[in-house]
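Protein chains get the first letters and strands the later ones, always in sequence-line order, with residue 1 at the start of each. All values below were derived from every heavy atom in this structure, side-chain atoms included, with hydrogens, water molecules and symmetry-related copies excluded. Keep in mind it's a predicted model, so treat the numbers as computed, not measured.
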Amino acid sequence: MAKRITIDPITRIEGHLRIDCEIDGGHVTKAWSSGQMWRGIETILRGRDPRDAWIFTQRFCGV
Amino acid sequence: MRIDQESIEHDNIAGLSRRDFVKFCSTLAVGMGLPVGMGAQIAEAVTVQKRPPVLWLSAQECTGCTETLLRTSHPTLEKLILELISLEYHETLLVGAGRQAEDWREKSMKENKGKYILVVDGSIPTKDNGIYCKIGGKTALALLGEMAADAAAVIAIGSCASWGGVPSADPNPTGATPAHEVLKSRGIKTPVVNIPGCPPNPYNFLSTVLYFVTFKKLPELDDQSRPKFAYGRLIHENCERRPHFDAGRFAIQFGDEGHRKGYCLYKLGCKGPETFANCPIQLFNDVGSGAWPVGTGHPCFGCSEKGVGFTLPLHSPARPKYVTPPSIFPGIEAHKSGGASIAAAAVVAGLAGAALGAGAVTVKKLGEKEEGRKGTEE
């Protein structure tokens, strides 16, 4: 019988990460990683002056 | 205020000698417009009493606000921030993960109820019941409500938490909302301080925390809940390129003669005339003069100002708040008893020209007068 483990939040990284995994007989058989935050920067960029793009894309990640 | 050396237990605080530590606190005190002597009071407050618990909630953020704190080098701020305050919860820095991290947060909130400082970075997505940001299965929206209700004060660090920032830019796909608006809509009365900037200057944040720890109240705030000591003046008012603005000397394109000579960046879209922040004075990264956007030759884009940063196009001209560029420039009237010679005027203008706005105008006008005087004598 597979057991499911969820680790959320994953700390010491930038952003909000969640890991789900299925364990069967002491082995990870399936695993999922998912970002738990969305800002829609691609949507925000549409229709803007291209010279402004870096202001937004640079801020995907501040690390 | 004299401090009793005996009352302070540690000779070494946050890896600094006592002397260096008081010096550091005095620098912060002066930055806030407090008398130098207050530095000792701040130092005493943070060393004698129990370290204040701080919980840090990250929502729609990029971690740039955490980075700005970690990258401060003088003194080693990461040591100071970890040893001065008791950082109870911070997703990027916590050793524990998952349930362990969340259990600790809940335990700390309970034990320090009404006493902890809640720092928020990132905006709060409110659209679709806040599903665009979740931590441990809870939405940031729910977490903020829960954590702010029992906090002594909330410090919103960065533009996202202060007024929405990048995620709230049109068309704001996730309903990104600043912390103070979420609190207001939920009827939570905990006081909020906004430290906008993308990222903000770490000293503005640290000064606010130390002020709160020392005086048990928040520093004086403006109508947008920003500390006046940091956001009281326009960038334009303290800009080292201001004399060029006043003299009408502008860079028109990147790399043109005016740009190479360090002229005013207004015509490249600099938003200094409508952005309130202390960037030209506080500077960044402790590396000396010029270490801020305009100092490096790039126009300010108003990252800290609501309705400017991430809102107005980068290269559109600013709408100056207090002053507009004059269509004519007044000459500088020189009192002349004997009359200045052209050579003397040139020396004066040469010395003052770099710092004084209408240097070129002065030379021209004095020259005209010199000629006029000669004319009447003959």
Side-chain angles (χ1 to χ4, degrees), chain A, chain B residues 58-68 70 89-102 105 121-123 125 127 131-140 158-160 165-176 198-199 269 301-303 309-310 312-316:
Chain A
M1 187 63 194
K3 190 183 167 194
R4 181 125 173 191
I5 294 177
T6 301
I7 307 168
D8 178 17
I10 300 285
T11 54
R12 283 167 289 152
I13 56 144
E14 191 276 327
H16 303 282
L17 180 68
R18 167 188 169 131
I19 298 286
D20 292 276
C21 47
E22 254 177 38
I23 296 163
D24 205 353
H27 294 278
V28 174
T29 50
K30 277 181 180 174
W32 298 264
S33 73
S34 51
Q36 294 288 301
M37 189 271 280
W38 186 72
R39 289 166 293 178
I41 292 179
E42 301 86 344
T43 315
I44 290 168
L45 279 174
R46 259 182 224 143
R48 285 182 191 271
D49 185 323
R51 293 173 301 176
D52 290 358
W54 66 266
I55 289 179
F56 295 91
T57 56
Q58 192 189 54
R59 285 164 172 80
F60 277 130
C61 176
V63 176
Chain B
S58 296
Q60 283 178 304
E61 45 81 48
C62 71
T63 315
C65 292
T66 297
E67 282 290 331
T68 195
L70 297 176
Y89 178 84
H90 187 308
E91 230 182 296
T92 316
L93 299 173
L94 266 180
V95 175
R99 198 56 246 170
Q100 204 180 17
E102 293 309 291
R105 178 179 60 75
D121 71 330
S123 52
K127 201 175 163 187
I131 58 163
Y132 300 106
C133 183
K134 281 180 160 185
I135 301 148
K138 281 186 180 175
T139 64
S159 292
C160 300
V166 168
S168 74
D170 186 56
N172 192 355
T174 59
C198 196
F301 72 87
C303 74
F310 315 113
L312 299 179
L314 172 56
H315 298 295
S316 71

Counting only heavy atoms closer than 4.5 Å, note whether Ala169(B) contacts chain A via side chain, backbone, both or neither. both

Rounded distance [0.5 Å steps], CG in Asp121(B) versus OG1 in Thr92(B): 7.0 Å

So which residues of residues 40-52 of chain A are in contact with chain B at a heavy-atom cut-off of under 4.5 Å? Gly40(A), Ile41(A), Thr43(A), Ile44(A), Arg48(A), Arg51(A), Asp52(A)

Among Pro167(B), Gly136(B), Pro171(B), Ala140(B), residue most engaged with chain A (heavy-atom pairs, under 4.5 Å): Gly136(B)

Working to the nearest 0.5 angstrom, can you tell me the gap between Arg4(A) CZ and Thr6(A) OG1? 5.5 Å

So for Pro125(B), is it side chain, backbone, both, or neither that comes closer than 4.5 Å to the heavy atoms of chain A? neither

Relative to chain A, which of Gly98(B), Gly122(B), Ala59(B), Cys62(B) shows the most heavy atom pairs under 4.5 Å? Cys62(B)

Heavy-atom distances under 4.5 Å only: say whether Cys198(B) touches chain A with side chain, backbone, both or neither. both

Rounded distance (nearest 0.5 Å) linking atom CD of Glu61(B) with atom SG of Cys61(A): 9.0 Å

Any salt bridge linking Arg99(B) with Glu102(B)? Criterion: basic side-chain nitrogen under 4.0 Å from a carboxylate oxygen. no

Spacing of SG belonging to Cys303(B) relative to CZ belonging to Arg59(A), to within rounding of 0.5 Å: 6.5 Å

Working for side chain to side chain contact (heavy atoms under 4.5 Å, CB included), residues Arg39(A) and Ser123(B): CA-CA 9 Å; Arg39(A) 289 166 293 178; Ser123(B) 52; 5.9 Å; no

Check this for me: Gln58(A), atom CD, are more than 12 non-hydrogen atoms of other residues, nucleotides or ligands nearer than 6.0 Å? yes

Side chain of Thr174(B), backbone of Tyr132(B): donor and acceptor closer than 3.5 Å? no

With chain B as the partner chain, list the residues of residues 17-36 of chain A whose heavy atoms fall under 4.5 Å from it, by residue number, and write 'none' if nothing qualifies. Gln36(A)

Selection from Gly96(B), Ala101(B), Gly64(B), Pro173(B) maximising heavy-atom pairs under 4.5 Å formed with chain A: Pro173(B)

Spatial distance of atom CD (Gln60(B)) from atom SG (Cys160(B)) [nearest 0.5 Å]: 8.0 Å

Has the side chain of Ser168(B) got a donor or acceptor atom that lies under 3.5 Å from a matching backbone atom of Gly165(B)? yes

Parallel, tilted or perpendicular, as decided by the 30° and 60° cut-offs, for the rings of Phe301(B) and Trp54(A): perpendicular

Backbone N or O of Gly137(B) within a donor-acceptor pair of the Asp8(A) side chain at under 3.5 Å? yes

